[in-house]
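Here the structure is laid out as structure tokens; the discussion comes afterwards.
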Amino acid sequence: MPLSVATWNINSVRLRMPIVERLLKEQAPDVLCLQETKCPDDLFPFEPLRAAGYRHIEINGQKGYHGVAIIARRPIEIVERRDFCDKGDCRHMSVRIAAGAHSVLLHNFYVPAGGDEPDPDINWKFKHKLDFVDEMRSVPSMTPGFSASILVGDLNIAPHVNDVWSHKQLLNVVSHTPVETEGLEAMRELGGWVDLMRVRASPEEKLYTWWSYRARDWKLSNRGRRLDHIWSSANISASVSRLDILSAARGWERPSDHVPVIATFELD
DNA sequence: ATGGTAGGACGCCTA
């Protein structure tokens, strides 16, 4: 039985409803995990999503900043909305979803961007980012009560050399500094997580999910980064039949600066 | 080395 899971940093869910509906219509993922909804819970646009066939919706939003949501056309059950770093930020939620004989724990993360200066001593936002990734070490890929796990989201870190347009030029740029990339990789390996996008590509292949708004022509300059990720527990990593980065969505009407990534698992 | 654009909420912070 296939289970398709999409992740997308939407940069204001209310403003982007037209392209959210387009994605649901064209790709019809079973589950869509959104980050940066920038929407208080009482203003969340439930109705157009239900009308699109997505009747199972769990949200964790706040006014103005951050915010995550999970939108599904199959039943989901909220597991947790966890406040990493105890700041009151809405940056995580997890749900249970049944797929075949599996009971899957799905995590949706929005990791702090970290500001501009990659020095935790003078930039509290960068320290917060490093602390957040440290705390993610407590999220393993195998959890009692679940047979498998999937972790998606905007992790705001591009861990590999070919996850950025220029490894050399971005080594001291927040999102690709060694303290971040090594920290994220160590956390991932400790938890037994498989980086599905990277294991399915060759190490030489450039993979991007984000292109800055500040470029004159995002496609022409193509200075992208892979900030968005789909991981799974090792026991279902080989069941992935498709993994698509919908780069074209960067060119849709009033786009997010991130594009959707969709993985399909064939689970018995 | 710098500045470039976008969103939320309404002067300025965040990405």
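Labels below follow one simple rule: chain letters A, B, ... track the order of the sequence lines, proteins then strands, and each chain is numbered from 1.
A 6.0 Å sphere centred on CG of A:D217 holds more than 12 heavy atoms belonging to other residues, nucleotides or ligands.
The base of B:dA15 sits with one of its N or O atoms less than 3.5 Å from a complementary donor or acceptor on the side chain of A:R214.
Between B:dT5, B:dA15, B:dG8, one nucleotide has an atom nearer to the side chain of A:L15 than all others, and that is B:dG8. With B:dG7, B:dA15, B:dT14 as the choices, the nucleotide that has an atom nearest any side-chain atom of A:Y110 turns out to be B:dA15. In this structure, of B:dA15, B:dA6, B:dT14, it is B:dT14 that holds the atom nearest to the side chain of A:Y65. Comparing B:dG7, B:dA15, B:dA6 by their nearest atom to the side chain of A:R254 picks out B:dG7.
When the P atom is used for both B:dA6 and B:dT2, the distance is 23 Å, rounded to whole Å. When the P atom is used for both B:dA15 and B:dA1, the distance is 24 Å, rounded to whole Å. For B:dG7 and B:dG3, the P atoms lie 22 Å apart once the distance is rounded to whole Å.
Atom CZ in A:R225 sits about 11 Å away from atom C1' in B:dA15, given to the nearest Å. Separating the CG atom of A:L227 from the P atom of B:dT14 is a distance of 19 Å, rounded to the nearest angstrom. A:L155 has its CG atom 15 Å from the P atom of B:dA15, to the nearest Å. Rounded to an integer number of Å, the gap from A:H258 NE2 to B:dG7 P is 13 Å. Computed from coordinates, the A:W210 CH2 to B:dA6 C1' distance equals 12 Å when rounded to whole Å. Atom CG in A:D257 sits roughly 13 Å away from atom C1' in B:dG4 (whole-Å rounding). The CG atom of A:D116 sits 14 Å away from the P atom of B:dG4 (whole-angstrom rounding). If you take NE2 of A:H66 and P of B:dC13, they are 15 Å apart, rounded to a whole angstrom.
Ion pairing between A:K127 and A:D131 holds under the 4.0 Å rule for side-chain N and carboxylate O.
Residue-to-nucleotide proximity on DNA chain B shows that, of A:G64 and A:Y213, the 5′-proximal contact is made by A:Y213. Along DNA chain B, the nucleotide nearest A:K38 and the nucleotide nearest A:G114 are compared for position; the residue whose nucleotide lies closer to the 5' end is A:K38.
Screening residues 135-145 of chain A for side-chain hydrogen bond (donor to acceptor under 3.5 Å, both in side chains), with sequence neighbours left out, gives A:R82-A:E135, A:R82-A:S138. For residues 119-142 of chain A, the pairs satisfying ring pair (Phe, Tyr, Trp, His ring centres under 6.0 Å) are A:F84-A:F132, with sequence neighbours left out.
Under 4.0 angstrom from either OP1 or OP2 of B:dT14 there lies at least one side-chain N or O belonging to A:K125.
Residue A:R16 is classed as a sugar-phosphate contact, given heavy-atom separations below 4.0 Å to backbone atoms only.
Across all non-hydrogen atoms, the minimal contact from A:M93 to A:I59 is CE-N, 3.7 Å.
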